[in-house]
Amino acid sequence: MSWLPLSFGAPMVLWGLLALPVIWWLLRFTPPKPQTEVFPPLKILARVLKREETPQQSPWWLTLLRLLMAALIVAALAEPVFNPRERLPAEGAAIALVIDNDWASAADWGQRVATAERLIADASSNDVPVIIAFTAEKPNAEIGPFDAATALDRLRAAKPRPIPTDRPAVYARVAATLESLPGASVAVLADGLAAEGDEAAFNTLLSKNAARVVWAASDRPGLIGLTGADNQVDGFELTAIRAPGDPAPAQVTAGAFDDKGRRIADATLTFSPGESTATGTMAVPFELRNDFASITLDGQRQAGAVRVLDESSKRRRVGLLSQAEADQAQPLLSPLYYIRRALQPFADLAEPSSADLADAIPQLLDQKPAMIVMADVGTIPQQVRQRLVDWVDNGGTLVRFAGSRLVAAGNDDDLLPVRLRTGERSLGGALSWTTPQPVTDFPKTGPFADLAPPAEVTVTRQVLAEPTPDIVERSWATLADGTPLVTGMKKGKGTLVLFHVTPEATWSNLPISGSFVEMLRRIVQLSRNQGAAVANAEAAAASLAPYRMISADGTLVPPTPDARPLVPGAGPLPVTFENPPGLYGSDTGVIAHNLLNAESRLAPLVRPQITVPVTTIQYAIDESHNLKGPLVAAALLLMVLDTLAVFWMGGLLSRRPRRAGTAAATTAALLITLGALVGHTDIARADDAKPGDERAIEDISKTRIGYVQTGDRSVDSISQAGLEGLTRFLIEKTALEPGAPASVDISKDQLAFYPLIYWPIDPAAPMPSQAAIARVDAYMQQGGTVLFDTRDQFATGIGAEQASPATERLRDILGNLNVPALEPVPSDHVLTKSFYILPEFPGRFAGGPLWVAASLEASNTENRPVRTGDGVSPIMITANDFAGAWAVDENGDPLLPTVPSDPMQRIYALRGGVNIMMYMLTGNYKSDQVHVPVLLERLGQ
């Protein structure tokens, strides 16, 4: 039975309200016992002529109290529920909950759990066992049947996983369990995304013993994934996808982060109406792109919106060098023509302006290339040779191609991987017994191990290597007759590579084959990390340990116990429970394993054709409240009041000495009974206080620091974490024990409770209303202080003509406030000595001044430690991001790095926060205190 937002579990009990008139009649004609008094004889004689009266009926207020108490009891027995929800079909032999807990469910996981809890609660009321299975868990995870309490525990212990669903395997296990439970109900809590094998999976699940189905699927219109982040010539090319068919345009911002979590670049991707793919370019300098460690879509807290990057995503600068002049008429004969075309898609090429090797080699080395390619370069000039050798030893990769100049120059043990025979070998021709040789399978120990040998490539001329014991180990590619085509070796931290043919198609057709491009790309990858764990074939064949994992909400976390080593192979590797997305490897080198790839699509899940009854529900939090407990508690409270009223009318609460102890004991017993009863009911959740009273009591019971709500969750969370970090430091270092930081809405919260309010300026936040600014102005005029933080130290300053957006927003706010004249904190200001002696006030950034109200009437006579003057500055302004430096997590570890990365800078920032709080709480008292050493010194004189 439901009346608007109120329903009753036993509505027939409400007929008991018809008895209220009878109760009223009985109460009216059954008055309480009259008061009995014992007087001395003289008192009786004094009243003998007075007529004694007995109440004819019960007082109206007592009658009303008892009628209300009876009505509350009747209503409580009817089991009322406020904002009731519809009961779900959790009945039959059992109910099977099949829940998607993959990466797409992370955004609304709380609603998904609340929906499942309602199903389990209804199953518990029907005494039905529960089967509960998750589609992104271990294949052998236990699924039940369980009793309702155990199922609820397993539900609350589950969490979303950053992996796709495995519906076919899980649905098959649930269907096998249902074979022994005919007539069961099946609840499908899907993520709204289609996956491979869905049709067969649903047929398996719903075609066996499913008497009814509860279908809950999220359409997820705002789900966006990042499928590509390719480092191109002009910048990072980003590709994002969403579910098809959305008629509305959409924009999403992507942010690039370095390995320390600092945001260093942004790009905007735009979806056209009806389009499911959006692209954008993150155009930043080449050097900055190589610092990218991950790219994340803003506002998408799920693993599909994050891409981690490894060395393969970083472009390297490759220097090209040749002693041959380029022939403009015949460019195909240029030694560097095919090398340029092969390297240009994945490397930034650099060439010297001079043809003289003595000038050309230093020009290339000054550009700090990762690799240098020499096309038939002979003798290296002696004045630059040692610098080139040192560059290789320190991690450079030198690739050389054979030719007439290299043959004439002879051996160079420092710049060649093998020793060469004199002259060159000719294969085929009228005067040769041999024929052109093809390329055989690539050696398993080289970087080309997983490439197929090019069947179309043949070699007609080559430079032979001297046969040495290590020639096989240094051979990366060989011909059919066993002679090396490509040799390489590690030298120091670098690599030497030699192609035993020319870079143009005169000795071989290798330069015009597709294998040539892939071979050079592998060598460039090898140069990127100078021997990284994933750059050589030996590491590629081995397994890579989990290093950093992407969690379901899109953050990078340490590896979980379930993660297993990743075995790299050809093509994209699947994301599984044992190999979740993230980085695999070690500090020396990692490989990126991302959730989505270029072929990924976000297709909406289509509900299958179901022949049994189906109930469709939406994911939602259960907002129903059982009112039985509060009503019973209210009735008990009225019963206590009725009892006290009867005692008062009977004289038990009179002030005669001999009855005072009895009345007090009776009242105490009633109050204790009431407290015990209330403790076992839901009345503890009743909110009898006015809104804001508890907040006000909490604010005035302890000193608390407030921070202004900007509306941006990331900014507000950093402000809260920063003030929590400062609070911890104050408790540890001073006698002050502040309460937890308070989030302040300047438009409606009481500001007078806080001695200091921290205001991070966010240009994206809406401009405060005039009424809110007026409240802040009144707060400052009445003794409060606002600390404005623009957090833009690396942008233009407050007084500059070209100000940053945050500074512009601060100017707009200050334009409506009565702001005094400002000055940077002088060296003799009390702020510099209120607790610690500090020459400056850094935050997460260093170098920016802290602006305070100018001490126009202050003086510093006789060179005292601080200037004299009353009052506390009502305003402080900084650009150093104080909260970012103070911010700590639950374990007390810093959340954000300082710039520059200096551990002492964070300490100085916290000390600055202590000085500001001491200054706010003590004012000119501290100004007098710092004079004490001078006064004592003078007294000693």
Side-chain angles (χ1 to χ4, degrees), residues 251-257 261-268 296-301 705-726 741-749 751 754 756-777 779-780 784-800 802-817 819 842-845 848 850-851 875-887 895-899 909 913 916:
Q251 277 191 345
V252 63
T253 301
F257 299 84
R262 296 173 296 192
R263 191 180 186 116
I264 55 180
D266 292 303
T268 300
T296 303
L297 298 179
D298 293 346
Q300 296 288 322
R301 296 183 59 82
I705 310 173
Y707 65 91
V708 174
Q709 298 177 5
T710 64
D712 188 327
R713 184 171 60 179
S714 61
V715 176
D716 293 344
S717 62
I718 291 299
S719 298
Q720 181 181 7
L723 295 186
E724 287 177 353
L726 178 59
S743 173
V744 177
D745 185 347
I746 59 174
S747 63
K748 60 183 180 181
D749 288 342
L751 307 182
Y754 314 105
L756 176 68
I757 295 178
Y758 176 77
W759 190 337
I761 302 300
D762 183 9
M767 180 70 183
S769 64
Q770 291 296 328
I773 293 180
R775 298 180 83 249
V776 174
D777 191 30
Y779 165 77
M780 295 169 58
T785 296
V786 179
L787 173 55
F788 294 96
D789 195 340
T790 59
R791 305 171 294 133
D792 59 351
Q793 166 58 20
F794 291 134
T796 52
I798 295 176
Q802 298 296 328
S804 68
T807 302
E808 289 289 350
R809 175 54 59 86
L810 176 61
R811 290 178 179 177
D812 295 339
I813 295 174
L814 297 183
N816 299 309
L817 295 174
V819 179
R844 195 164 74 92
F845 310 122
L850 175 62
W851 296 78
I875 182 173
M876 299 182 187
I877 302 177
T878 184
N880 290 339
D881 192 5
F882 281 175
W886 301 336
L895 288 178
L896 300 175
T898 60
V899 180
I916 291 173

For Arg775 and Ile746, the nearest pair of non-hydrogen atoms, with its separation, is NH1-O, 2.6 Å
Any side-chain heavy-atom pair from Thr785 and Ile916 closer than 4.5 angstrom? no
Among Ile757, Ile877, Val708, which residue meets the side-chain contact (heavy atoms from CB on, under 4.5 Å) test with Phe788? Ile877
Between Leu723 and Gly706, which heavy-atom pair has the shortest distance, and what is it? CD1-O, 3.8 Å
Under the rule for side-chain hydrogen bond (donor to acceptor under 3.5 Å, both in side chains), what residues qualify as partners of Asp812, not counting sequence neighbours? none
With sequence neighbours excluded, residues passing salt bridge (charged side-chain N to carboxylate O under 4.0 Å, His left out) with Arg262: Asp258
Which atom pair, heavy atoms only, marks the closest approach of Trp759 to Val776? CZ3-CG2, 4.1 Å
Mind listing the closest non-hydrogen atom pair of Pro842 and Asn880 along with its distance? CA-ND2, 3.9 Å
Could you report the tightest heavy-atom contact between Pro760 and Ser719, atom names first, then the distance? CG-OG, 3.3 Å
Which pairs count as salt bridge (Lys or Arg N to Asp or Glu O under 4.0 Å) when at least one residue sits in residues 713-723, sequence neighbours excluded? none
Taking Arg844 as the fixed residue, which of Asp881, Asp789, Thr898 is the one that meets the side-chain hydrogen bond (donor to acceptor under 3.5 Å, both in side chains) rule? Asp881
Looking only at non-hydrogen atoms, find the nearest pair between Ser743 and Tyr707 and report the distance. CB-OH, 3.4 Å
Charged N to carboxylate O under 4.0 angstrom, Asp298 versus Arg263? yes
